[in-house]
Structure formats: C-alpha cells, structure tokens
There are 2 protein chains.
Amino acid sequence: MRAGEEAEAVAPAEADRTKSTRRRMTSSTGRPRSEEAHQAILDATLALLGEVGYSALTVEGVAQRAGVGKATIYRRWSSKLPLVVEAFSALPGFEDVDAGSLEHDLKETLRKYLEAFNSTALGTVFPSLAGERAHNPELSKLIEPVARARREPFVRIFERARARGEISSDVDIDLAADLVVGPISVTLFFRGGSLSPRMVDPLVDLALKGILKRG
Amino acid sequence: MRAGEEAEAVAPAEADRTKSTRRRMTSSTGRPRSEEAHQAILDATLALLGEVGYSALTVEGVAQRAGVGKATIYRRWSSKLPLVVEAFSALPGFEDVDAGSLEHDLKETLRKYLEAFNSTALGTVFPSLAGERAHNPELSKLIEPVARARREPFVRIFERARARGEISSDVDIDLAADLVVGPISVTLFFRGGSLSPRMVDPLVDLALKGILKRG
DNA sequence: GGATTACGATACAGTACGTTCCGTAATCAA
DNA sequence: TTGATTACGGAACGTACTGTATCGTAATCC
C-alpha cells in the first residue's frame, strides 16, 4: 500500500478504497474543487458507459473525455465503481403519477419514462449496467438500492389501484409491475433501441385486459 | 498484416479475421483436430462468459480454463467474437410445444426453458451477452439471427392460438410474446438469479387474464 | 502575501493481452 | 514401417494500456 499519503487525506470512515467517495478533510482553505470538472466527469462517465460498457470503462478514458486530469477524478472517487454508481444515481427514474386510474397512471408514467430513455443516456447506460450486474456482485450490491428506489413510484401506482379495487387482492403486485415493464425490458435488451413512447398504449392495454379473448 | 502465412491457410471467402471461423484447407492428411479440445473450448467460453462477461473474456483465459494452448483456439476461430457466437448458438432455446391450448403450451415451454436456465450456462451467459450487445454492433449483428431463431418456436405458439381463435385477431403477437417473457427478462436483469420454474404458472395466468379485475 | 489545495499534464512501473515459435504427438500415404 | 503433414500444449516475445505518483501552475483563504 504505497498510497499512504493520499489515503490519509480522506475521511477515515470511508477508507475502503473500493467503495468510497472521497471528501476533503478541511474545507475552508485552498483552491476549491471545480464544479464544472465534477459535472463533466459524471457526464463523460455516462456517455462512455453507454458506448463501451462497464468493463471497458477506464478512469483514463473518462479523464480524456471530460477534459480533466486523472488525478482530478481520483481525488473524488477511489475507483470507477463509486464513480459509476454516482453517475447512474443522477439519472431520472419513474415519476409518481396519481390521477386515480391505473390505466391512465401507467400510461402517463411509462410515456415519460420512455421519453427519458430517448433524451438521456438512460437508454444506453441501462443495458450496460444490467449486463455487468450479472457477474459483478460489488456493482450489483451498490446499484440495487438505487434501482429499487427508482422502481418504487411505479409499484406504488399498482398499490393504489389495488386499494381502489381495480386489481384483485390476490394478484401479486410485483409480478404485475414486471408484466407491464417486461416488454420494455425485452425490447431494450434483445432488440436494439426502438423504444418509442408509442408502444405504451398497446402495451398497457394488453397487460391490463389480458392476452386471451374475453368470453 | 504480418499473419500472411496463417491467413493463407483459411478458406479465401472467410478471410475476414474479425468474423470468420477457420477451417482446414486439406482435410485428409495430418493429425486431425481434437474434438475434445473443441468442446472444452466452447464449454470454457460459456463458463467464462457468465463469470466475467464479454469484455473481460480473453482467449488466454479460455485457453487456460479449457486446458489447451492458445494456438489451438486461434487455429479454429479468428477472434473471440466468432468463438462466442458459436458457443452461444449451442445453448438450448425454446422448445416447440403443441398440445392445443395456449395456456398449457406456454406453461410447458416456459417451464422447460427456465429449467434450462438453471441447469446450463444460459442463466449467466444471457445477461452478459445482452448487456454487451447494447454497445457492440458487431456482436449484435451476429447474435441477432441466432436469438431470433431461438425465439421463433415461442412465437409460433401464439400464432397457433390465434388461428384457433383463443386470441383476438387484433392482438399484436410479438407484443403478447414480449408480455409473457417480459417478467423473466426483468427478473434476470434487474434482480439476481431466482428464476424458479414455479413462477411460470402465476405469470402465464396473469398475462392471459390481465391485471384488471374482471367485471 | 504566504499557506494550502486543486488543476491539467506527464512520467513510470506493472500487468496482461495477442501473436508467434517450439518440440512433441497423431494420422495418412506409400 | 517410414516420411510427410497437421494439431497439440506450453512458453517467449513485443505491445498496449492502466492506475499511481509527480510536477509546475492556478485559485482561494487567513
């Protein structure tokens, strides 16, 4: 461990170099950290994450893309792991829509979510991270609470619908949520792109009414 | 291009080193290629693909895992790309079940498919490849026809059901298929493992009957 | 204005990869 | 049986790239 001097400059409780985000010890003196560089680093991280994936993502690549020195990154994040987690956490999740109708709320939330997929790095970052999670327990552990929080407003829509009596009480809420999001997941992972908000209406209609012809 | 001598030993039509699988020119003389080594290489590829992912997969790692020399691999595949494609192609896909009932056929096919997920490398390989496809057009292009062929028997179940009148003619078959497979995709990519065949019945029931309470 | 910290750039050491070569083993033709 | 040919596992070589450490400069506080 030859990085003693640097390591002593981070908060002791976060000395684990594989997980922590670094902070300044004394905050009132010296040149302040550049907020522009900070944001540029996070933006570059998301862009590269979508372009080359997590494994091929390197701190050097992020530094070049962001136009900063590598030291500027290592001064804030101990490795690419916490850097990626923080960058991902800043991406938008589901919005909590509550207009009193399951069908309406689902369509509204999903439409906005798919628009976010097309207008942010979400659409490219998501598959990369999901694929990496499968064989990276450390990343999986750190991403899981973030992913769960992003999903929560969506699940809440179903809970309210069940409270209103729109859904039978013996229906598994999580399964129902997976059923609605499922086709988006399939489209995202098994075909490339084409996540148009126009797919929302037929998707929600089919999930709510069922595949079988009603008799 | 310093590999002139080697390159001349492959079929001319497959000289593109990034995509082709190599073949012997003269097949009747000399020591024959080891079928054991061939299979060991494919097995090692699948195992490592699940453990470290596509980006971190190296020919050197495959050679060590398979207990063969690196030259033995390069003699057959020009790079890890065609190696991975061939290894993936050998994994089981959906079985075509036809017992005359949509509900029965779906449950039967999915149960067998999920069993394959748990008993083969499928469960770990799939997320890795899907994540890589998002930012690797070359891999995506080669995997796509394989993935489509694997999915086809599943779609055919829906087509037969529509011909029997179980499904309304205005239902999008592909969307219906995505709806049924969707929760499996979500479970696989967003949570780890836990792909029990026990989830099949409630999943199919909900997808066929719909989330909304019938009235 | 002196001390302190952050900045971008760069030099360095270590790792790891793909490629190639080696001696040996297995098969076919004569 | 012998010679020619190809495949085999193992290892050496050169290269590319990464994380770390260092340097001179810039910005802020006391």
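Below, all heavy atoms of this structure are taken into account, side chains as well, without hydrogens, waters or symmetry copies. Naming convention: chains lettered A, B, ... in sequence-line order (proteins, then strands); numbering from 1 in each chain.
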Worksheet item: Between dG9(D) atom P and Glu36(B) atom CD, what is the distance in whole Å?
Response: 10 Å
Discussion item. If we count only N and O atoms by modelled type, under 3.5 Å, do the side chains of Ser55(A) and Glu132(A) hold a donor and an acceptor together?
Written reply: yes
Practice prompt. Would you kindly give the CH2-to-P distance between Trp77(B) and dA7(D), to the nearest whole Å?
Written response: 13 Å
Item to complete: Using a cut-off of strictly less than 4.0 Å, decide whether Arg31(A) has a side-chain nitrogen or oxygen near OP1 or OP2 of dA26(D).
Response: no
Discussion item. Within the 4.0 Å limit for protein heavy atoms, which parts of nucleotides 9-14 of chain C are touched? Write it as a string from 5' to 3', B for base, S for sugar-phosphate only, - for none.
Written reply: BBB---
Practice prompt. Look at the side chain of Ala37(A) and decide which nucleotide, out of dC17(C), dG8(C), dT6(D), has an atom nearest to it.
Written response: dG8(C)
Fill in: Geometric cation-pi criterion, Lys80(B) with Tyr54(B): 6.0 Å, 45°
yes
Fill in: Between P of dA26(C) and NE2 of His38(B), the distance in whole Å
20 Å
Worksheet entry | d(CD, Glu35(B); P, dC8(D)) in whole Å | 10 Å
Item to complete: Mind calculating the distance between CD1 (Ile41(B)) and C1' (dG9(D)) to the nearest angstrom?
Response: 11 Å
Practice prompt. Mind calculating the distance between NZ (Lys80(B)) and C1' (dA16(C)) to the nearest angstrom?
Written response: 13 Å
Worksheet entry | His38(A) versus Arg33(A), side-chain donor and acceptor atoms under 3.5 Å | no
Worksheet item: With respect to the side chain of Tyr74(B), which nucleotide from dT19(C), dA7(D), dT20(D) is positioned closest?
Response: dT19(C)
Fill in: Presence of Thr72(B) side-chain N/O under 4.0 Å of dG9(D) phosphate oxygens OP1/OP2
yes
Discussion item. Within the 3.5 Å criterion, strictly below it, is a donor on Ser34(B) or Glu36(B) matched to an acceptor on the partner's side chain?
Written reply: yes
Practice prompt. Could you say whether Val59(B) or Pro32(B) is positioned toward the 5' end of DNA chain C, judged by the nucleotide with the nearest heavy atom to each?
Written response: Val59(B)
Response to the item:
Of dC29(D), dT19(C), dC8(D), the nucleotide closest to the side chain of Thr29(A) is dC29(D)
Fill in: Reported CG-to-CZ distance for the pair Leu106(B) and Phe158(B), which is rounded to 0.5 angstrom
4.5 Å
Fill in: Inter-residue atom distance Leu42(B).CG - Arg76(B).CZ, 0.5 Å rounding
9.0 Å
Worksheet item: With respect to the side chain of Glu60(A), which nucleotide from dT5(C), dG19(D), dT6(D) is positioned closest?
Response: dG19(D)
Discussion item. If you apply the rule ring pair (Phe, Tyr, Trp, His ring centres under 6.0 Å), what do you find for Phe126(A) with Phe189(A), and how did you get there?
Written reply: CA-CA 9 Å; Phe126(A) 224 90; Phe189(A) 290 121; 7.2 Å; no
Item to complete: Specify the residue among Arg33(B) and Ala56(A) whose closest nucleotide of DNA chain D lies further upstream toward the 5′ end.
Response: Arg33(B)
Item to complete: Take atom CZ of Arg75(B) and atom C1' of dT5(D), then tell me their distance rounded to the nearest Å.
Response: 12 Å
Fill in: Between C1' of dT15(C) and CD of Gln64(B), the distance in whole Å
14 Å
